[in-house]
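Only one structure is covered here, and it is reproduced in the block below.
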Amino acid sequence: MKIKYNLLHNEKNTKARYGTLETNYGTFETPIFMPVGTQATVKTLDPDEIKEIGAGIILSNTYHLWLRPGEDIVDKAGGLHKFMNYDGPILTDCGGFQVFSLAKPKDISEEGVEFKSHINGERLFLTPEKSIEVQNKLDSDIAMSFDECPPYPVTYDYMKNSVERTLRWAKRGKAVFNNDRQSLFGIVQGGEFEDLRKWSAEETVKLGFDGYSIGGTSVGEDKPTMMKMIEYAIKYLPEDKPRYLMGVGEPTDLFEGVERGVDMFDCVLPTRLARHGHAFTKYGKINLRNAKYKEDFTPVDENCDCKCCRNYTKAYIRHLLVADETLGQRLLSIHNLRFLIKIMEDIRVAIKEDRFLELKEEFYSNYKNKN
RNA sequence: GCGGAAUUGGUGAAGUGGUUAACACGGUGGAUUGUGGUUCCAUUAUGCGUGGGUUCGAUUCCCACAUUCCGCC
């Protein structure tokens with residue numbers, strides 16, 4: 001079956017909303033933060049741990065699984081869920097972000113995008129049809145329409161052409177889509193240009209998708225610009241479909257996004273920061289490698305209920321990181337993910353009680369955002 | 001006791017008679033937003049064993065001493 005979104009409550013003072021999303025692999029509440037598991041694994045965590053931190057849905061990636069091990073192998077394994085032994089909902093990104101991070105502008109044509117494989121340098125050509133075909137075989141619960149995510153900043157003319165192309169790609173992908181257990185999201189682009197965001201949103205909605213994403217954010221623009229991008233796009237999206245802000249973000253970004261009506265987020269930050277020794281805490285981001293934690297025998301975040309914070313000290317985590325032991329990266333990955341998931345749990349309760357702004361204010365009063 | 005070689009930062013080391021002593025590791029900070037998984041950036045020796053001498057100028061040349069290593073008695 002396709003997913004089913006139920007809008008259950010609009011917060012009184014903001015555009016924040018509470019709902020549920022039903023999938024073949026269970027129902028989760030929104031707004032939600034989705035851990036990223038690019039290569040069919042949330043780096044360093046096993047599926048039991050993903051469940052343990054309260055994840056409702058995770059991400060995986062078309063481009064990476066297409067290259068390795070290949071969608072046919074995942075298909076033979078019985079689909080992505082069986083392949084990675086994860087029985088919760090999975091969303092696959094389309095590979096569009098890799099257009100942004102791997103390809104040069106001149107490699108992008110109407111037909112598709114030419115890549116050089118980051119694994120062996122082999123020339124590859126990814127098209128909207130291929131992206132959908134791969135995702136159909138991966139058998140994730142939610143697939144993403146193949147888009148171009150332009151860098152920032154880019155000229156109005158470039159963005160206009162890019163938005164047009166992304167719309168044509170969306171149409172082409174939709175035409176070959178062939179998996180009735182899977183749902184498909186469209187992606188709104190348009191950069192910081194209000195009229196392009198409006199146009200992109202309206203035209204994407206006309207094509208008709210099971211949910212809508214806001215793409216092209218967190219690519220180097222400043223925060224006020226990112227907020228405008230969200231606002232410009234979201235007012236043209238239908239109330240009765242989930243809205244997904246791609247690639248965001250930091251703890252404060254989650255509050256800002258929810259306030260503007262976003263239902264779903266994903267970001268590599270919690271796991272990447274963890275691997276580099278950083279942790280989110282109630283009071284801001286900290287670097288566990290800093291010398292000042294050498295003899296700090298308190299938890300990373302005393303308010304956190306995760307396995308890391310319940311059982312280990314900063315001094316121990318620091319030792320593991322400095323000694324390059326993988327347990328340090330694992331424990332911090334668990335903590336950082338739990339931290340963001342817990343924020344969303346608190347946010348959902350606050351929305352239902354119409355006190356989202358109070359929760360936001362309380363969080364901001366403690367959290368020192370270094371950016 | 002005699003002969004030889006060596007002595008540069010926390011470590012391994014390069015180097016030159018002339019403004020700021022290479023590089024690597026380590027240390028200390030910082031970065032990271034639909035993940036090209038151990039990355040990137042900054043910073044880290046006012047000093048080249050000690051004391052003299054030669055020279056306009058010595059870490060670099062000379063002498064003595066100290067320490068370490070190797071060989072011989």
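Values below: all heavy atoms of this structure, side chains included; hydrogens, waters and symmetry mates excluded. In the text below, chain A, chain B and the rest are named by the order of the sequence lines, each starting its count at 1. Here the structure is a predicted model, which means the values were calculated and not measured.
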What is the separation between atom [atom1] on [X] and atom [atom2] on [N], rounded to the nearest whole Å?
X	N	atom1	atom2	answer
A:Leu332	B:rU32	CG	P	17 Å
A:Leu273	B:rU33	CG	C1'	9 Å
A:His278	B:rG30	NE2	P	6 Å
A:Tyr63	B:rU35	OH	C1'	12 Å
A:Tyr293	B:rG29	OH	P	10 Å
A:Lys43	B:rG37	NZ	C1'	5 Å
A:Asn336	B:rU32	CG	C1'	13 Å
A:Leu65	B:rG36	CG	P	12 Å

Select one nucleotide: of [options], the one nearest the side-chain heavy atoms of [X].
X	options	value
A:Asp93	B:rG29, B:rG36, B:rG34	B:rG34
A:Cys149	B:rU33, B:rG37, B:rG34	B:rG34
A:Arg318	B:rU28, B:rG36, B:rG34	B:rU28
A:Gln39	B:rG34, B:rG37, B:rG27	B:rG37
A:Asp253	B:rG37, B:rG34, B:rU33	B:rU33

Could you check whether [X] gets within reach of a base, just the sugar-phosphate, or nothing at all, counting any heavy atom under 4.0 Å?
X	result
A:Gln189	base
A:Leu59	sugar-phosphate
A:Gly216	base

### Query
Taking the six-membered ring for Trp, is the centroid-to-centroid distance between A:Tyr63 and A:His118 below 6.0 Å?
yes

For [N] versus [M], give the span between their [atom1] atoms, rounded off to a whole number of Å.
N	M	atom1	answer
B:rU46	B:rA21	C1'	11 Å
B:rU50	B:rU8	C1'	15 Å
B:rA42	B:rU59	P	30 Å
B:rG51	B:rG1	C1'	26 Å
B:rA6	B:rA13	P	14 Å
B:rC65	B:rG71	C1'	23 Å
B:rA14	B:rG49	P	14 Å
B:rG57	B:rA64	C1'	23 Å

### Message
Taking the nucleotide of RNA chain B with the nearest heavy atom to each, does A:Asn287 or A:Met246 sit closer to the 5' end?
### Response
A:Asn287

### Task
Map A:Thr326 and A:Asp266 onto RNA chain B by nearest heavy atom, then report which one ends up closer to the 5' terminus.
A:Asp266

### Message
Tell me whether the count of non-hydrogen atoms from other residues, nucleotides or ligands lying under 6.0 Å of CD in A:Glu202 goes above 12.
### Response
yes

### Message
Heavy-atom count check: over 12 atoms from other residues, nucleotides or ligands less than 6.0 Å from A:Lys82 NZ?
### Response
no

We want to know whether [X] and [Y] form a side-chain donor-acceptor pair, criterion being a heavy-atom distance below 3.5 angstrom.
X	Y	answer
A:Asn336	A:His278	no
A:Asp147	A:Thr166	no
A:His276	A:Asn287	no
A:Tyr316	A:Asn311	no

Answer yes or no: does a side-chain N or O of [X] lie under 4.0 Å from OP1 or OP2 of [N]?
X	N	answer
A:Asn61	B:rU35	yes
A:Asn290	B:rG30	yes
A:Thr271	B:rU35	no
A:Gln98	B:rG34	no
A:Arg289	B:rU38	no
A:Thr38	B:rU35	yes
A:His276	B:rA31	no

Paired nucleotide for [N] [Watson-Crick or G-U wobble; both distances under 3.5 Å]:
N	result
B:rC61	B:rG53
B:rA66	B:rU7
B:rA14	none
B:rC72	B:rG1
B:rU35	none
B:rA22	none

### Query
Is there a donor on the side chain of A:Lys292 or the base of B:rU28 sitting less than 3.5 Å from an acceptor on the other?
no

Contacts under 3.5 angstrom, residues 88-101 of chain A side chains, donor-acceptor by atom type, not counting sequence neighbours:
from, atom 1, to, atom 2, distance (Å)
A:Thr92, OG1, A:Gln135, OE1, 2.8
A:Thr92, OG1, A:Ser140, OG, 2.7
A:Thr92, OG1, A:Ile142, O, 3.4
A:Gln98, OE1, A:Asn61, ND2, 3.4
A:Ser101, OG, A:Phe97, O, 3.4

